[in-house]
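These notes are about the structure you will find just below.
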Amino acid sequence: MHPLTIAAARSRGTCLRMGLALALLCGSVMAAAAQQPGADSSQVRLGRYLVMHVAMCADCHTPRGPGGRLDMSRWLQGAPIGSRPLHPRPWAVRAPAIAGLPAGWTTAQVVHLLRTGERPDGSHPLPPMPPYRMDARDARAVAAYLASLAH
Ligand code: HEC
């Protein structure tokens, strides 16, 4: 069993013995325990799966080494875009670092971008950044995964 689950189960038993007066306090202690980083691991796992195997964020946001392979030592740390559109249109030449969230962004701002395509200031990233329309669960999972990485 997960250590947090054991801790929560133990504190639940203690709460029952202490009676009603302390029940509210106990409730908030247990809620705090449930918010420890370990409690989010299934959300972070979903986010990692979406980033690595569905949305392919690393294709653009991770630099490549010789031979074109992704440089895992600089995972999601920003990279030049290696292709150009056949017909000229607005196009970004670089994908910024997103490991540990983009500099100065909150988790909620990343969720908003992934759900609506809008940056915090209302502008839209240029192609080839895809205009994702993720549902809330997926967007939160991707943002939680990015936040779990070191800058
Ligand atoms: C096909 C390439 C590509 C893919 C795939 C891609 N991005 Fe991007 N992304 C970009 C480019 C290029 C920019 C910069 C756009 C600009 O400068 O206007 C960008 C911008 C962003 C920004 C805005 C950062 C800022 O400072 O404005 C975030 C956040 C972001 N991407 C996250 C993601 C996430 C998360 C994924 C996967 C779910 C992803 N991107 C997949 C190319 C890509």
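Hydrogens, waters and symmetry mates play no part in the numbers below; they use all other heavy atoms, side chains included. Whatever order the structure lists ligands and atoms in, that order sets their numbers, starting from 1.
- Under 4.0 angstrom from ligand 1, the non-hydrogen atoms of Pro130 all belong to its side chain.
- Under the 3.5 Å distance criterion, the side-chain polar atoms of Thr107 are left unmatched by any main-chain donor or acceptor of Ala143.
- Between the side chain of Tyr49 and the backbone N or O of Val44, no donor-acceptor pair lies under 3.5 Å.
- Of all protein heavy atoms, the one closest to atom 25 (C) of ligand 1 is Trp105 CZ2, 3.5 Å.
- Without hydrogens or angle criteria, His61 side chain to Gly78 main chain gives no donor-acceptor distance under 3.5 Å.
- Remark: Tyr132 OH to Leu114 CG distance equals 8.0 Å, nearest 0.5 Å.
- Annotation: Leu146 places no N or O atom under 3.5 Å from an N or O atom of ligand 1; distance criterion only.
- The heavy atom nearest to atom 42 (C) of ligand 1, considering only Gln109, Met129, Arg94, is found in Met129.
- Atom 36 (C) of ligand 1 has Cys57 SG, 2.7 Å as its closest protein atom, hydrogens excluded (heavy atom only).
- Under the 3.5 Å distance criterion, the side-chain polar atoms of Trp91 are matched with a main-chain donor or acceptor of Ser83.
- Among the atoms of Arg119, some N or O lies under 3.5 angstrom from an N or O of ligand 1.
- Among all protein heavy atoms, the one lying closest to atom 3 (C) of ligand 1 is Cys60 SG, 2.7 Å.
- To the nearest 0.5 Å, atoms SG (Cys57) and CD1 (Ile98) are separated by 5.0 Å.
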request  = Dump the intermediate steps for side chain to side chain contact (heavy atoms under 4.5 Å, CB included) on Val111 and Met134, then the final yes or no.
outcome  = CA-CA 9 Å; Val111 170; Met134 293 188 188; over 6 Å; no

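- Salt-bridge formation is detected for the pair Arg64/Asp59: a Lys NZ or Arg NE/NH1/NH2 atom is positioned less than 4.0 Å from an Asp or Glu carboxylate oxygen.
- With hydrogens and angles disregarded, a donor-acceptor distance shorter than 3.5 Å links the side chain of Thr116 to the backbone of His112.
- Rounding to the nearest 0.5 Å places CE of Met52 at 4.0 Å from CH2 of Trp75.
- Which parts of ligand 1 touch Ile81 is read off a 4.0 Å heavy-atom cut-off, strictly below it: atoms 12 (C).
- In Leu50, neither the side chain nor the backbone holds a heavy atom less than 4.0 Å from any atom of ligand 1.
- Here Asp138 contributes atom CG and Arg133 contributes atom CZ; the two are 14.5 Å apart, rounded to the nearest 0.5 Å.
- Near Met134, meaning under 4.0 Å from one of its heavy atoms, ligand 1 places the atoms 38 (C).
- Of all the atoms in ligand 1, the ones that sit under 4.0 Å from a non-hydrogen atom of Pro125 are 15 (C), 18 (O).
- Residue contacts with ligand 1, taken as heavy atom pairs separated by less than 4.0 Å, do not involve Asp59 at all.
- Between the CZ atom of Arg119 and the CD atom of Gln109 there is a distance of 12.0 Å, given to the nearest 0.5 Å.
- From the protein, the heavy atom lying nearest to atom 5 (C) of ligand 1 is Met56 O, 3.5 Å.
- Protein heavy atom in closest approach to atom 17 (O) of ligand 1: Ala92 CB, 3.7 Å.
- Tyr132 OH, 3.2 Å is the protein heavy atom nearest to atom 41 (C) of ligand 1.
- Of the options Pro128, Pro96, Ala95, the smallest heavy-atom separation from atom 24 (C) of ligand 1 is shown by Pro96.
- When distances to atom 8 (Fe) of ligand 1 are checked against a cut-off of 2.8 Å, His61 contributes an N, O or S atom below that limit.
- Set against the non-hydrogen atoms of Ala55, the atoms of ligand 1 under 4.0 Å away are 5 (C), 37 (C), 38 (C).
- The option from Val110, Leu76, Leu113 that lies nearest to atom 22 (C) of ligand 1, judged by heavy atoms, is Leu113.
- With hydrophobic clusters built from ILVMFWY side chains whose heavy atoms lie under 4.5 angstrom apart, Leu76 shares a cluster with Val54.
- With ligand atoms numbered from 1 in the order given, ligand 1 contributes 15 (C), 16 (C), 18 (O) to contacts under 4.0 Å with heavy atoms of Leu126.
- Close approach to Pro102 involves these atoms of ligand 1, each under 4.0 Å from a residue heavy atom: 29 (C).
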